[in-house]
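Below is one structure; the comments refer to it alone.
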Amino acid sequence: MTRPRPRWDLYCRVIDNLGDAGVCWRLAADLAARGVAVRLVIDDASPLAWMAPGGAPGVTVQPWPGTGEPGDVVIEAFGCDPPPAALAAMAARPVPPVWINLEYLSAEEWVERAHGLPSPQASGLTKWFLFPGFTPRTAGLLRESGLLTRRAAFDGRAWLAAQGWPAMADERIVLLFDYANPLLPALRDDLARSPTLLLVPQGPAQAAVAGWGHTPDLRVQPLPYVSQADFDRLLWSAGLNFVRGEDSLVRALWAGAPFVWQAYPQHDGAHHAKVDALLARIGAPPAVAALWRAWNGAPGAAWPGLPPAAAWQPALARAGAALAVQDDLVTQLLAFAARHGAPSPA
Ligand code: TRH
């Protein structure tokens, strides 16, 4: 007799941009791939139409507030507060679900102290705060089984050609996924100094680069929305990735090529501490740190130019190797839920 799949609910509210849906979808699909029946309750499922056009076996998507009995585990993404009816049903369950608030990703040191803290609720339930992160004392990063093997076997130039975006033999390939950025003209001038194919996914950068005009050594390729699987392939194809937010940052790390991260800008400037924390975590050399700080608009940081790829590689290789041996986020979530009494997948 086969054991029924444990049931996990994942609540997601789309606040801004694509990362809320992006992170939740990857998490849902990865949990389902490891034997969990996932109900993803999301208030705006429209990005999933192109992020995951085929869906994923084991994942059911419901519009907010969702219907049905609560699962064995309930995850609220980024403190989104499950709907009141769901909370009442959770409290009424004979065996309460394991309730997890999965927080935003940050490399800052306080994350290790906050990770794993319980928050007893008036309903009698306990909500657990889990933080993804870059160290063994956090919940780790999303990394699907076999991801790094698939990346290692991937031929980016052949794949790009098959998509209709071929790179010429002498061109370096750069991907630009960012928020609005006043340094785009400086980047253009740097890129135009040697043959470059610049791939520009949907987003603010597309409008900016549309006005760049013709530069002999810089070919700009605007891209349509692509699935998350193809988004990964784009990152694997490029020799330099500009990424932003949370999910594309993690995917750039797994891609292994030099990358520049633009943190989600916050009005109080809190994102600068996040940038510095990640730079420290990956042991970035000074030239890379100067570039990241300038790209993020840190006070007093001027565009330093693009360092050669060789300046990035040792730190990236070290950081990538260290991260690859840590348990990934889904492995850790499954273990946490099991420790707190939830059934495990077969
Ligand atoms: O869109 P983002 O800027 O999301 C951000 C962050 O999540 C941030 O932490 C959060 O606070 C803020 O939103 C509200 O960047 P991110 O996280 O890289 O998410 C982009 C997602 O979109 C990622 O899952 C990849 C996906 N994507 C595709 O799959 N195909 C595409 O063509 C494009 C452009 C994106």
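First listed ligand is number 1; within each ligand, the first listed atom is number 1.
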Any N or O on S248 sitting closer than 3.5 Å to an N or O of ligand 1?
-> yes

Are any of the N or O atoms of Y104 closer than 3.5 Å to those of ligand 1?
-> no

Applying a strict 4.0 Å limit to heavy atoms, is W25 in contact with ligand 1?
-> no

Using 4.0 Å as the upper bound for N to carboxylate O, is an ion pair formed by D327 and R143?
-> no

Short side-chain donor-acceptor distance under 3.5 Å, W99 and E76 = yes

Protein heavy-atom partner closest to atom 20 (C) of ligand 1 - residue, atom, separation in Å | L18 CB, 3.7 Å

Among protein heavy atoms, which lies nearest atom 9 (O) of ligand 1, and at what distance?
-> E246 CB, 3.5 Å

Short N-O contact, D276 and R281, less than 4.0 angstrom | no

Taking both backbone and side-chain atoms of R244, is any N or O found less than 3.5 Å from an N or O belonging to ligand 1?
-> yes

Could you tell me if any non-hydrogen atom of Y179 lies under 4.0 Å from any atom of ligand 1?
-> yes

Mind checking whether V41 and L48 sit in one hydrophobic cluster, side chains of I, L, V, M, F, W, Y counted as touching below 4.5 Å?
-> no

Does I15 have a non-hydrogen atom less than 4.0 Å from ligand 1?
-> no

Look only at interatomic distance and state if V226 has a nitrogen or oxygen under 3.5 Å from any nitrogen or oxygen of ligand 1.
-> yes

Nearest protein heavy atom with distance in Å, relative to atom 26 (C) of ligand 1 = M51 CE, 4.0 Å

Q121 and S119 side chains, donor-acceptor separation under 3.5 Å = yes

Is any N or O atom of V23, backbone or side chain, closer than 3.5 Å to an N or O atom of ligand 1?
-> no

Atom 23 (C) of ligand 1: which protein heavy atom is closest, and how many Å away?
-> D247 OD2, 3.1 Å

Heavy-atom gap P47 to ligand 1 smaller than 4.0 Å = no

W261 six-ring face occupied by R244 cation (under 6.0 Å, within 45°) | no

At a 4.0 Å threshold, what atoms of ligand 1 neighbour a non-hydrogen atom of F177?
-> 18 (O), 20 (C), 34 (C)

Would you call D30-R26 a salt bridge at under 4.0 Å N-O?
-> no

So which of F231, W261, Y264 gets nearest to atom 35 (C) of ligand 1, if we judge by its closest heavy atom?
-> F231

Under 4.0 Å from ligand 1, counting heavy atoms only, is it the side chain of W50, its backbone, both or neither?
-> side chain

Short N-O contact, E69 and R93, less than 4.0 angstrom = no

shortest atom 7 (O) of ligand 1-to-protein heavy-atom contact is with G19 CA, 3.2 Å

Identify, by atom number and element, the atoms of ligand 1 in contact range of Q202, meaning under 4.0 Å from any of its heavy atoms.
-> 34 (C)

Any cation-pi pair here, R151 with W236, using under 6.0 Å and within 45°?
-> no

Would D232 and R150 pass as an ion pair if we require N to O under 4.0 Å?
-> no

From atom 14 (C) of ligand 1, work out which of V14, D230, D16 has a heavy atom at the shortest distance.
-> D16

Looking at R5 and D72, does any basic side-chain N land under 4.0 Å from a carboxylate oxygen?
-> no

Any side-chain donor-acceptor pair under 3.5 Å between R172 and T196?
-> yes

